[in-house]
Amino acid sequence: MAKELTDIKIGADNDLDIEGGDFAFAIDNAALGDFACTEQHQKAIIIDANGDYKQNPTITVAAITYKDDTNPDRLLQAIAQKFGADGMDVDSVEMGADKKIRTNANY
């Protein structure tokens, strides 16, 4: 069974969401089909640079560092590895014909 997570929401502008003068929260509940927290964590792990998180400086992929790599499988392998290290059960990490990364991984 998937874990239930509660996290502070990150908006489309990659800034904290504020509602009524306070932080907005996202609840991640697989039973309800709501994966907001997991998606936020996955996005952060893929995009953020190594060292961005003091408590775990090597948890991120830093995808920008793979921009000149001719083998996209290395990026996909790094994503799967980092997701697993963060405690996710990784079913698949793929790149579609449209060059978008699609993941199937949950806590």
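Between Tyr107 and His41, the closest side-chain pair of non-hydrogen atoms falls below 4.5 Å. For the pair Met95/Leu76, a side-chain contact is recorded, criterion being any heavy-atom separation below 4.5 Å from C-beta on. Under the 4.5 Å side-chain criterion, counting only non-hydrogen atoms from C-beta, Asp86 is not in contact with Lys82. Side-chain contact between Thr60 and Ile46: absent, with no pair of heavy atoms (C-beta onward) separated by less than 4.5 Å. The shortest side-chain heavy-atom distance between Ile79 and Ile45 does not fall under the 4.5 Å cut-off.
Closest approach of Val61 and Ala78 over heavy atoms only: CG2-O, 3.9 Å. Taking every heavy atom of both residues into account, Thr65 and Ala62 meet most closely at OG1-O, 2.6 Å.
When the side chains of ILVMFWY residues are joined at heavy-atom separations under 4.5 Å, either directly or via intervening members, Tyr66 and Val90 end up in a single hydrophobic cluster. Linking Ile, Leu, Val, Met, Phe, Trp and Tyr whenever their side-chain heavy atoms come within less than 4.5 Å leaves Ile47 and Ile59 in two separate clusters.
Annotation: the span from Asp52 atom CG to Asn50 atom CG amounts to 8.0 Å, rounded to 0.5 Å. How far OG1 of Thr58 is from OH of Tyr53: 13.0 Å, rounded to the nearest 0.5 Å.
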